[in-house]
A.B. asks: 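Dropping a structure here in structure tokens format, bear with me for questions.
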Amino acid sequence: MNLRHGIVSALVLGSVVALMARPAQAQTRVGEAAVVKNEVVRVAASSTIQINVGDALLRDEVVRTGIESAARLVMADNTNLSLGPSATIRLDRTVFNDEHSYRDIAIRMSSGAFRFVTGNSEKTAYKITTPLATIGVRGTTLDILSQRGKTTVVLQDGASTVCTVSFQCIDLTQPGDTAIISSVGGKITILKTNNPPWTFASTCGAVAGLCSTTRYADATPTIMPPVDDGSDPTGMLCGR
């Protein structure tokens with residue numbers, strides 16, 4: 001009995017040591033901050049960390065701007081994403097096709113004003129969501145305003161399909177085409193107009209370069225910290 005107890009204890013202890021020795025899951029750099037004004041933070045659990053120009057954007061993280069704040073983020077495929085004040089996004093999913101493009105990229109715009117300019121990836125790779133809408137892109141520049149009970153999507157260039165969560169869809173094909181999705185009393189409606197009630201242009205003057213587009217300085221995904229555990233360290237194949 002004592003021998004059996006000793007063997008079990010040794011196995012348990014060995015398992016604990018093995019778990020402690022395993023390297024932390026790699027964090028893949030999927031973009032960087034190109035423009036930062038005032039409070040722009042990454043949100044991790046209950047804490048926030050200030051983001052500065054040149055700082056990495058990591059897969060699955062939340063980025064938030066404060067009042068009178070703004071940012072422009074450049075993804076590894078040269079997608080440019082501008083955020084106005086009090087905006088929150090989550091980089092939900094990024095699966096690399098190669099070092100210059102994504103096979104799958106999902107961005108959730110929870111609240112605030114945004115300008116989205118597509119990069120090198122195939123247009124079918126992009127999935128943009130708000131609490132009320134799913135937005136597909138085809139070579140596109142879009143202005144998106146996500147508010148409580150309302151999402152406004154304005155086409156600046158290219159084409160886009162905007163759908164509600166109940167799969168009512170409209171196509172935006174001409175500059176100025178606008179989809180307005182509203183939720184009132186649990187009923188969701190979608191309206192198309194070519195007279196946009198809002199555009200991100202009103203936010204562009206908040207900081208120099210906010211509405212410019214630039215290329216990602218080094219599109220090769222960078223792992224922080226690096227690991228060598230025999231697995232797929234960049235996560236490019238499986239999208240971890």
A.B. asks: Not counting sequence neighbours, list each pair that qualifies as a disulfide (SG to SG under 2.5 Å) and has a residue in residues 127-172.
C.D. replies: Cys163-Cys169
A.B. asks: Kindly give the heavy-atom pair with the smallest separation between Leu57 and Ala33, and that separation in Å.
C.D. replies: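 Where Leu57 meets Ala33 most closely, the heavy atoms are CG-N, 4.4 Å.
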A.B. asks: With sequence neighbours excluded, what pairs up with Lys192 under the salt bridge (Lys or Arg N to Asp or Glu O under 4.0 Å) test?
C.D. replies: Asp177
A.B. asks: Please check if Val165 and Leu191 belong to a single hydrophobic cluster, counting links between Ile, Leu, Val, Met, Phe, Trp and Tyr side chain heavy atoms closer than 4.5 Å.
C.D. replies: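 Cluster IDs for Val165 and Leu191 differ.
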A.B. asks: I'd like to check Arg115 versus Cys204 (side-chain heavy atoms, cut-off strictly below 4.5 Å). Are they in contact?
C.D. replies: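 In contact.
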A.B. asks: What's the separation between atom CG in Asn80 and atom CE in Met75, rounded to the nearest 0.5 Å?
C.D. replies: 10.5 Å
A.B. asks: Any idea which heavy atoms bring Ala34 and Val74 closest together, and the distance?
C.D. replies: CB-CG2, 3.7 Å
A.B. asks: Go through the structure and list residues passing salt bridge (Lys or Arg N to Asp or Glu O under 4.0 Å) with Glu39, not counting sequence neighbours.
C.D. replies: none
A.B. asks: Taking salt bridge (Lys or Arg N to Asp or Glu O under 4.0 Å) as the test, write out the residues that go with Arg64, two or more places apart.
C.D. replies: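 Partners of Arg64 under the salt bridge (Lys or Arg N to Asp or Glu O under 4.0 Å) test: none.
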A.B. asks: Spell out, as yes or no, whether a donor-acceptor pair under 3.5 Å connects the side chain of Thr65 to the backbone of Gly84.
C.D. replies: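 Between the backbone of Gly84 and the side chain of Thr65 there is a qualifying donor-acceptor contact (under 3.5 Å).
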A.B. asks: Do side-chain atoms of Ser46 reach the backbone of Ala44 as a donor and acceptor pair under 3.5 angstrom?
C.D. replies: no
A.B. asks: So do Gln50 and Val36 actually touch side chain to side chain, heavy atoms under 4.5 Å?
C.D. replies: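 The answer is yes, as the side chains (C-beta and beyond) meet within the 4.5 Å cut-off.
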A.B. asks: Quick one: are Ile170 and Thr161 in side-chain contact, heavy atoms under 4.5 Å?
C.D. replies: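 They are not in side-chain contact.
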A.B. asks: Should the heavy atoms of other residues, nucleotides or ligands under 6.0 Å from CD of Glu122 be counted, would the total exceed 12?
C.D. replies: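 At most 12 heavy atoms, drawn from other residues, nucleotides or ligands, come within 6.0 Å of this atom.
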A.B. asks: Give a yes or no answer on whether the side chain of Thr164 reaches the backbone of Gln168 with a donor-acceptor pair at less than 3.5 Å.
C.D. replies: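 Yes; at least one donor-acceptor contact below 3.5 Å.
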A.B. asks: State, to 0.1 Å, how close Val162 and Ala133 come at their nearest heavy-atom pair, and which atoms those are.
C.D. replies: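 Result for this residue pair: CG1-CB, 4.3 Å.
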A.B. asks: Is there a path of hydrophobic side-chain contacts, each under 4.5 Å between heavy atoms of I/L/V/M/F/W/Y residues, joining Val63 to Ile49?
C.D. replies: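 Different clusters.
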A.B. asks: Please tell me whether Thr173 and Asp171 have a donor and an acceptor in their side chains that are separated by less than 3.5 angstrom.
C.D. replies: no
A.B. asks: Can you tell me how far apart CG (Asp60) and CG (Asp92) are? Round to the nearest 0.5 Å.
C.D. replies: 7.5 Å
A.B. asks: Any link between Ile190 and Val137 through a network of hydrophobic side chains (Ile, Leu, Val, Met, Phe, Trp, Tyr) touching at under 4.5 Å?
C.D. replies: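 Linked within one cluster.
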A.B. asks: Under 3.5 Å, side chain of Asn78 to main-chain N/O of Ala76, donor-acceptor pair present?
C.D. replies: no
A.B. asks: Does any non-hydrogen side-chain atom of Arg72 lie less than 4.5 Å from one of Ser212?
C.D. replies: yes
A.B. asks: With Tyr126, which of Thr118, Asp104, Ile107 fulfils side-chain contact (heavy atoms from CB on, under 4.5 Å)?
C.D. replies: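 Looking at Thr118, Asp104, Ile107, the match for Tyr126 under the side-chain contact (heavy atoms from CB on, under 4.5 Å) is Thr118.
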A.B. asks: Please go through Leu145's hydrophobic cluster and name the other residues, only I, L, V, M, F, W, Y counting, with side-chain heavy atoms under 4.5 Å joining them.
C.D. replies: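 When side chains under 4.5 Å apart are linked, the cluster holding Leu145 also contains Val35, Val154, Trp198, Phe200, Val207, Leu210.
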A.B. asks: I'd like to check Ser183 versus Ile188 (side-chain heavy atoms, cut-off strictly below 4.5 Å). Are they in contact?
C.D. replies: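 In contact.
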A.B. asks: Any sub-3.5 Å donor-acceptor pair from Thr203's side-chain atoms to Ala201's backbone N or O?
C.D. replies: no
A.B. asks: For the residue pair Thr130 and Thr151, confirm or rule out a side-chain donor-acceptor distance under 3.5 Å.
C.D. replies: yes
A.B. asks: Are Pro85 and Glu68 side-chain neighbours, meaning at least one heavy-atom pair lies under 4.5 Å?
C.D. replies: no
A.B. asks: So which atom in Ile180 and which in Lys150 form the shortest heavy-atom distance, rounded to 0.1 Å?
C.D. replies: CG2-CE, 3.6 Å
A.B. asks: Quick check for you: to the nearest 0.5 Å, what is the distance between Arg103 atom CZ and Asp77 atom CG?
C.D. replies: 13.5 Å
A.B. asks: Do the side chains of Val43 and Met109 join up, straight or via other hydrophobic residues, at under 4.5 Å, putting them in one cluster?
C.D. replies: no
A.B. asks: Does some side-chain heavy atom of Leu73 sit less than 4.5 Å from a side-chain heavy atom of Ile51?
C.D. replies: no
A.B. asks: Knowing that exactly one of Arg108, Arg42, Arg29 qualifies, which makes a salt bridge (charged side-chain N to carboxylate O under 4.0 Å, His left out) with Glu61?
C.D. replies: Arg42
A.B. asks: Look up atom CZ in Phe116 and atom CD1 in Ile144, then write down how far apart they are to the nearest 0.5 Å.
C.D. replies: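 It is 7.5 Å, given to the nearest 0.5 Å.
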A.B. asks: Looking only at heavy atoms, which two atoms of Thr178 and Pro196 are closest? And how far apart?
C.D. replies: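 So the two residues come closest at OG1-CB, 3.2 Å.
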A.B. asks: To the nearest 0.5 angstrom, please state how far the OG1 atom of Thr199 sits from the CG atom of Leu142.
C.D. replies: 12.5 Å
A.B. asks: Side-chain contact test, heavy atoms from C-beta onward, threshold under 4.5 Å: evaluate it for Leu91 versus Arg59 and give yes or no.
C.D. replies: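 Answer no - side chains too far apart.
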A.B. asks: Which heavy atom of Pro131 sits nearest a heavy atom of Ser146, and at what distance?
C.D. replies: CD-OG, 3.6 Å
A.B. asks: Kindly write out the residues that satisfy ring pair (Phe, Tyr, Trp, His ring centres under 6.0 Å) with Phe114, not counting sequence neighbours, or none if the list is empty.
C.D. replies: none
A.B. asks: From Thr79 OG1 over to Ile105 CD1, what is the distance, rounded to the nearest 0.5 angstrom?
C.D. replies: 5.5 Å
